[in-house]
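Please read the structure below before turning to the comments.
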Amino acid sequence: MISQKTIYYIVIGLFTTAVLGSILNSFLNYEEVSLTFVKLGYPIYLIHLLCLFQIIGLLLIWFNKSHWSLEWVFAGFFMNYSLGAISHLVIKDGNGASAVICIILLFVTDIQSKKTRDSNNRLAQFGKPKYI
């Protein structure tokens, strides 16, 4: 049977891959992304800000030191992807599915993170007895 820690790392790996793909797409296809942002009604300078904050968010997820910062990172990613999905839904261009997939991965990552971390925010040792 797969342990909780293994599921956590698989889901966080998928989420990280999706976010890094979004960041790379923003840089490699900048003209298309900027046209989409204009079509959605957002200023173009948000592209670089979103990429920067997504990189910071991924670093905090992987190397976090407190539950407080992790909760804020999850909230920021949730707002980013939910507002993106709603924006694509409003203009009816059919590009909001990737945001919904990222939201699902984010929820599973949050749930698995809460299951696998102890009170000191370290990954718990599953199946290993602690000796005094």
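When a residue number appears, it is its place in the shown sequence, counting from 1.
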TODO: Would you check, one step at a time, whether the test side chain to side chain contact (heavy atoms under 4.5 Å, CB included) holds for Ser26 with Leu50?
DONE: CA-CA 9 Å; Ser26 296; Leu50 284 174; over 6 Å; no
Spacing of [atom1] belonging to [X] relative to [atom2] belonging to [Y], to within rounding of 0.5 Å:
X      : Y      : atom1 : atom2 : value
Cys102 : Phe107 : SG    : CZ    : 12.5 Å
Tyr9   : Leu14  : OH    : CG    : 14.5 Å
Ile10  : Thr109 : CD1   : OG1   : 11.5 Å
Asn80  : Ile103 : CG    : CD1   : 9.0 Å
Phe77  : Phe53  : CZ    : CZ    : 11.5 Å
Leu35  : Asn29  : CG    : CG    : 11.0 Å

Do you know the tightest heavy-atom contact between [X] and [Y]?
X     : Y     : answer
Val19 : Leu58 : CG1-CD1, 3.5 Å
Tyr42 : Ser87 : OH-OG, 2.5 Å
Val33 : Ile47 : CG1-CD1, 3.8 Å
Ile23 : Cys51 : CD1-O, 4.0 Å

Path from [X] to [Y] over hydrophobic side-chain contacts below 4.5 Å:
X     : Y      : answer
Ile55 : Leu60  : yes
Phe27 : Leu49  : yes
Val38 : Leu46  : yes
Leu24 : Leu105 : no
Trp62 : Leu52  : yes

Open item on the list: Has Thr36 got a side-chain atom pairing as donor or acceptor with Glu32's backbone, closer than 3.5 angstrom?
Closed with: yes
Open item on the list: If you count every heavy atom of other residues, nucleotides or ligands that lies below 6.0 Å from Glu71 atom CD, does the total exceed 12?
Closed with: yes
Open item on the list: Going by side-chain contact (heavy atoms from CB on, under 4.5 Å), Val73 matches just one of Asp110, Ile56, Ile61, Leu59. Which one?
Closed with: Ile61
Task: Residue pair Phe37 / Pro43, side-chain heavy-atom distance below 4.5 Å - done: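 Counting from C-beta outward, Phe37 and Pro43 never come under 4.5 Å.
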TODO: Fit a plane to each ring of Tyr81 and Phe15, take the angle between them on a 0 to 90° scale, and name the class: parallel (under 30°), tilted (30 to 60°) or perpendicular (over 60°).
DONE: perpendicular
Open item on the list: For Val90, give me all partners under side chain to side chain contact (heavy atoms under 4.5 Å, CB included), at least two apart in sequence or on another chain.
Closed with: Ile86
